[in-house]
4 protein chains.
Amino acid sequence: MSEEPAPRRRQARGERRITQLLQAAASVFCRTGYSAASTNAIAREAQVSPGTLYQYFPNKEAIAVELGGRLLQQMRETHGLAFDAANLDLPLPELVDAVLEPVIDFNCRNPAFLALMHGSGDIPGRIAEEHDAVHASMLGRIADVIGKFVPSLPADDRGRVADMTLGIVKAGLDLVLAAPEGPAREATVAELKKAVVRYLAPLLEPDPDAPARLTTTPSS
Amino acid sequence: MSEEPAPRRRQARGERRITQLLQAAASVFCRTGYSAASTNAIAREAQVSPGTLYQYFPNKEAIAVELGGRLLQQMRETHGLAFDAANLDLPLPELVDAVLEPVIDFNCRNPAFLALMHGSGDIPGRIAEEHDAVHASMLGRIADVIGKFVPSLPADDRGRVADMTLGIVKAGLDLVLAAPEGPAREATVAELKKAVVRYLAPLLEPDPDAPARLTTTPSS
Amino acid sequence: MSEEPAPRRRQARGERRITQLLQAAASVFCRTGYSAASTNAIAREAQVSPGTLYQYFPNKEAIAVELGGRLLQQMRETHGLAFDAANLDLPLPELVDAVLEPVIDFNCRNPAFLALMHGSGDIPGRIAEEHDAVHASMLGRIADVIGKFVPSLPADDRGRVADMTLGIVKAGLDLVLAAPEGPAREATVAELKKAVVRYLAPLLEPDPDAPARLTTTPSS
Amino acid sequence: MSEEPAPRRRQARGERRITQLLQAAASVFCRTGYSAASTNAIAREAQVSPGTLYQYFPNKEAIAVELGGRLLQQMRETHGLAFDAANLDLPLPELVDAVLEPVIDFNCRNPAFLALMHGSGDIPGRIAEEHDAVHASMLGRIADVIGKFVPSLPADDRGRVADMTLGIVKAGLDLVLAAPEGPAREATVAELKKAVVRYLAPLLEPDPDAPARLTTTPSS
DNA sequence: TATGAATGAGTGTTCATTCAT
DNA sequence: TATGAATGAACACTCATTCAT
């Protein structure tokens, strides 16, 4: 009874430490990229000694993995509804808008997420695989949506389309983050949405004879 | 007459060494990215001592710069016509095909090019500028083509469209290179082309009433 | 109260390490001179890894600067009184004796000091300046003493005499350090003092009427 | 008969090469000191390939040794008379003047000589010994002169005086070379001579009662 | 004989990781 | 649990020296 609070507090303190370290890591990864980020720099940013860092993470890779995982989780929790909800009934532009808006929003607030995804090439061996988990997860969601819209699409086609869609989104997010906040960024966001909508629209056209209703409205 | 062969041979050997070193660098950059690539690893890959590497390049950056420059030059020389030629009269799908086909082809044969473009963020100082030159150059070409097709498009819109287009192409190239050679790769190539065509098609449609002739025919 | 000892011990350890490293550096500088001394050799001599050395000094230069600074400081603290004290009233031989004795003593105990002064030409950049500071400081003191004795001497003459005096002292110190401890060294010390006394004596002869028995007539 | 000229020419050519290399070495040693001078830099300065350098000298040390030896020889040949000639009958100031003047002159024209003597500390192992030969040779000459003047001086005293004298001369030469050409340098030269004369004068005074005939007459 | 490309051990320095406290 | 000093392998780069031509 008298022993219980301690472990709890410890756990709580540990959790805080981890959060603190991951925030520091996010900040450093954003500034320098994964491979140029030093664990000592992360510890310093977290106002913690290197030894402490290694009490919570076995190595540098693990930090990136955990950070990536948490960010993904966070994204899912905060905005993930977009995927699952009933907006599958919406016309494509609105659907894309509903899905992309929170994603874009999240990435603007957590630029480390993108940095990590791009850096995964630099990450050696096992880490890359775990990182790919994040990637794969997003891919899976996209593929699911596509599958629901066009159930007739063969699996490998669906995979390819999902890949391409995610590629476009990532490329667009880069541009969005690179744009200065303000109208320029808004315009870039709009452009990204257009790109996705236009890419996906033809998939949904069940009848080549019918005028292309679902397609994008006139551009820009 | 008796003096000439020596220097020439020397130069020839030097040229060969440089080529050999750049090939090794390309290979290592592909495997590990720029920043994780060590000069010793490059030398080892080239079956050469570190000292030899430094007889031809003053530092690590210079290797990346020279490799990037040569690849760009090579791309321009081999396939650059695509942009300049008369295929501006072609319908969009054929135009994209004509332009993208050699670019894809080149990147398949020289995967280091993409690796270098992705890594350019990690490259410090002057190199980054030169690398950005590559990026900027491609961007400029795309913007030119767009400008010719849609002269009415305001400059900043044109820039954004060029950015987005290049982003899609780079993302697509990543997928193409990641795909195993064979039908899977071909399909990915086709998907990339579709993505570009669909993204650009609406730009060219002056008349929303007219049936969307220039647009892609039903996909897949 | 329970928090204090740790940092203090840490600091104490750090201070010890620095001392240890500087001792090792002194030893290596003595054996090989500044430029031939390698940081790894210094670390090895200090029975420490290279990384540890760099935890306390940002680079090789800094080691020399710190060592030089400490030695100078030490010399000032231990023996510096010689210059300032009332022994300006002593006759020249006693004055030279009073000033030189501790200097010689110090250099015998800290041969690195001389090694560093000789090597200062090899030391690049900022360090050289700091080292010159040591040199300049000693020069200034000598010039001060001369100025007090012969206020009529023009500034540039005074500078030249100080230069020459310091030169003689440094040359003599080299000989002293080269001599085996014992009577040989004592004799060399005596010789150095004689050289300085004889060089300076003529300067101090206030009365040109008195037959210039031993000396030069007033110089230049 | 037809064979003879070739070897001679070869020898002649070889001699020229060596001279050329030693001149280059002198120049580089002067600029950077012995240990910072790279053999490649010497070869470059001599407009010769590194391989050629190593055809004439087995290693870097040998270059310094040979250069030192030649400079000494040259000094002996050009100005050495000073030591041997009849000016032993001159009063001390004139003697010192006669001996020092050409030495100073030579060192002004061949600053590498001094650079080499100072650098001998940096020179490892065997080389230092050979370099000391130069030093020892000069020492011997000085000791000889002293011996002739004061035959009663015990050998070890004589050695010490010679050491000190050479020390003063070297220190003075440093100052002379450091002074800008012109009156400043002349004044420094005069100061050096004074230092030597004053140091040696008392040695020659057999009788403190007798007026100090041998001592310096009015200075400079 | 002369070349200059090639070598490889060595330099100063960094950083992911460990360990005594 | 937290510290930060300590480690040592690795990095980018240099240079005295060798060797194929």
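Proteins get letters first, then strands, A, B, ... in listed order; numbering begins at 1 in each. Worth saying up front: this structure is predicted, and the values here are computed from it rather than measured.
A search for side chain to side chain donor-acceptor pair (under 3.5 Å) contacts involving D/Q20 returns D/R17, not counting sequence neighbours.
Side-chain N or O atoms of D/N110 include none that pairs as donor or acceptor with a backbone N or O of D/F113 at under 3.5 Å. A donor-acceptor contact shorter than 3.5 Å links the side chain of D/T32 to the backbone of D/V28. A distance-only check finds a donor-acceptor pair linking the side chain of C/T19 to the backbone of C/E15 [under 3.5 Å].
Per the geometry, CD1 belonging to A/I18 stands 11 Å off P belonging to F/dT1, to the nearest Å. As rounded to whole Å, 16 Å separates atom C1' of E/dG4 from atom CD of B/E15. When rounded to the nearest whole Å, the span between CD of A/Q55 and C1' of F/dG4 equals 13 Å. Summarising the geometry, the separation between CD1 on A/I42 and P on E/dC15 is reported as 12 Å, rounded to the nearest angstrom. Rounding to whole angstrom units, CG of residue B/L53 and P of F/dC13 are separated by 9 Å. F/dA5 atom P lies 14 Å from atom CD of C/Q20, rounded to whole Å. Atom CZ of C/R16 is separated from atom P of E/dA20 by 16 Å (rounded to the nearest Å).
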Requested in this report: List the steps and the verdict of side-chain contact (heavy atoms from CB on, under 4.5 Å) for D/L22 and D/F57.
Outcome: CA-CA 10 Å; D/L22 289 177; D/F57 298 99; 3.7 Å; yes
**Report entry** Audit row: C/I18, C/R70, side-chain contact (heavy atoms from CB on, under 4.5 Å) steps and yes/no
**Finding:** CA-CA 11 Å; C/I18 289 180; C/R70 290 205 179 192; 3.6 Å; yes
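Between D/R44 and E/dG4 there is no side-chain N or O to OP1 or OP2 distance below 4.0 Å. In terms of phosphate contacts, A/Y56 brings a side-chain nitrogen or oxygen within less than 4.0 Å of OP1 or OP2 of F/dA2. For E/dG4, neither phosphate oxygen OP1 nor OP2 lies less than 4.0 angstrom from any side-chain nitrogen or oxygen of D/S49.
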**Report entry** Base-contact (B) and sugar-phosphate-only (S) positions in nucleotides 14-19 of chain F, heavy-atom cut-off under 4.0 Å, - elsewhere
**Finding:** BBBBBB
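Salt bridge annotation for A/K60-A/E66: absent, with no cationic side-chain nitrogen under 4.0 angstrom from a carboxylate oxygen.
The two residues C/I42 and C/I63 have their closest heavy-atom pair at CD1-CD1, 4.3 Å. Taking all atoms of both residues into account, the shortest heavy-atom contact from C/A46 to C/L21 is CB-CD2, 3.8 Å.
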Query raised in the report: Given the rule that a pair is Watson-Crick or G-U wobble with both distances under 3.5 Å, how would you write DNA chain E in dot-bracket, using | for pairs to a different strand?
Result: .||||||||||||||||||||
